[in-house]
Amino acid sequence: MSESAHKTERVAVYPGSFDPVTLGHLDIITRASKQFDRLVVAVLNNKSKNPLFTVEERVELLQLVTADLPNVEVDSFRDLTANYVRIKGAQVIMRGIRSVTDFEYELQLASLNKKLNKDAETIFMMTDPKYSYLSSSVVKEIASFEGDVSELVPAEVEDALRRKVIEKKNGV
Ligand code: ADP
């Protein structure tokens, strides 16, 4: 058997709320996809967060904006990240860091995940400085006042936000 046949596939999971996906997330997804055989972008189905978009909508938007990245798969999960990563056969939990504030929270999360799944390593990727201020919350805030988010999110997300704002206004 050739040497490559013995090589295990390098799989990373990038978990998050993605409510909705921003250009900051997409930058991490694009860069991370180059470092692994497969990258699973996983939407956390967390009922307590009161999201703007449903899990299905968030998955669909992620699928649309990652369609040109062949080794990226989009999924959703309702479980501990450490368990989900084990089930997926992944070795890596991918996270993005924008600031010192992110670092403190992410360090806590990474330590917890290490305790729950010793086989998974959390790997951090630093934000592109041009997205360091960008979060889904900021995008939702701007969109709710019908502000311009065209430089913050992919065009498909901009359209979806516009539709959501109209829906909310009409009480749908
Ligand atoms: P969560 O609710 O788990 O923080 P998010 O969807 O907001 O989920 O973020 C998922 C991951 O992406 C986190 O690691 C977060 O730090 C990272 N992230 C969010 N926005 C950016 C950005 N602008 N640049 C780099 N990483 C980011």
Side-chain angles (χ1 to χ4, degrees), residues 11-36 38-66 69 72-86 88 90-117 120-144 147-158 160-161 164:
V11 184
V13 168
Y14 179 30
S17 308
F18 305 104
D19 184 39
V21 56
T22 68
L23 288 180
H25 293 128
L26 192 55
D27 174 58
I28 299 285
I29 294 170
T30 308
R31 286 157 59 202
S33 71
K34 295 181 185 142
Q35 302 300 325
F36 300 95
R38 215 147 51 78
L39 178 72
V40 182
V41 182
V43 177
L44 177 61
N45 192 339
N46 185 346
K47 281 263 185 302
S48 64
K49 269 204 168 177
N50 194 18
L52 180 64
F53 290 95
T54 65
V55 172
E56 292 73 24
E57 288 168 333
R58 284 180 269 160
V59 166
E60 196 185 327
L61 285 172
L62 275 163
Q63 281 167 339
L64 281 173
V65 304
T66 60
L69 300 169
V72 173
E73 166 192 328
V74 183
D75 192 17
S76 65
F77 69 109
R78 186 184 291 175
D79 196 350
L80 288 170
T81 301
N83 290 344
Y84 175 76
V85 166
R86 190 181 293 115
K88 276 281 162 182
Q91 304 88 351
V92 167
I93 301 171
M94 193 71 228
R95 295 288 285 178
I97 289 199
R98 287 161 290 191
S99 61
V100 176
T101 325
D102 269 358
F103 176 79
E104 291 198 359
Y105 171 67
E106 293 291 342
L107 176 62
Q108 186 186 12
L109 214 56
S111 309
L112 188 71
N113 284 327
K114 192 76 201 169
K115 198 149 191 65
L116 296 172
N117 181 351
E121 287 298 338
T122 299
I123 294 186
F124 296 109
M125 210 168 248
M126 298 304 151
T127 184
D128 182 316
K130 68 176 183 269
Y131 300 130
S132 63
Y133 62 91
L134 183 51
S135 68
S136 298
S137 314
V138 161
V139 164
K140 284 184 278 191
E141 181 76 7
I142 298 173
S144 73
D148 182 8
V149 292
S150 60
E151 284 178 24
L152 311 180
V153 293
E156 294 87 341
V157 176
E158 194 186 349
L161 277 163
K164 243 332 161 200

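Quick note: residue numbers are just sequence positions, from 1. Just follow the structure's listing: the first ligand is 1, and inside any ligand the first atom is 1.
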Where the side chain of [X] meets the backbone of [Y], is there a donor-acceptor pair that is under 3.5 Å apart?
X	Y	result
Arg38	Val11	no
Ser136	Pro20	yes
Lys114	Ala120	yes

Report the nearest protein non-hydrogen atom to [atom]: residue, atom name, distance rounded to 0.1 Å.
atom	result
atom 12 (O) of ligand 1	Tyr14 OH, 2.6 Å
atom 24 (N) of ligand 1	Thr127 OG1, 3.0 Å
atom 1 (P) of ligand 1	Ser17 OG, 3.7 Å
atom 19 (C) of ligand 1	His25 NE2, 3.4 Å

Are Arg98 and Glu106 close enough for a salt bridge, meaning some N to O gap below 4.0 Å?
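A salt bridge is absent here (no side-chain N lies under 4.0 Å from a carboxylate O).
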Presence of salt bridge, Lys140 and Asp19, under 4.0 angstrom
yes
Those atoms of ligand 1 less than 4.0 Å from some heavy atom in [X]:
X	answer
Phe18	6 (O)
Asp102	16 (O)
Gly16	3 (O), 6 (O), 8 (O), 10 (C)

Side chain to side chain donor-acceptor pair (under 3.5 Å) partners for Asp148, two or more places apart:
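For Asp148 the side chain to side chain donor-acceptor pair (under 3.5 Å) partners, ignoring immediate neighbours, are Ser150.
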Quick check: are there more than 12 heavy atoms from other residues, nucleotides or ligands sitting under 6.0 Å from CZ of Phe103?
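It does not: Phe103 CZ has 12 such atoms or fewer within range.
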Of the listed options (Arg95, Met126, Arg98), which comes nearest to atom 13 (C) of ligand 1 when hydrogens are ignored and any heavy atom counts?
Arg95
Taking atom 26 (N) of ligand 1 as the point of reference, which of Ser132, Gly96, Pro129 owns the nearest heavy atom?
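Nearest option to atom 26 (N) of ligand 1, by heavy atoms: Gly96.
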Specify side chain, backbone, both or neither for Glu106, according to which of its non-hydrogen atoms lie closer than 4.0 Å to ligand 1.
side chain
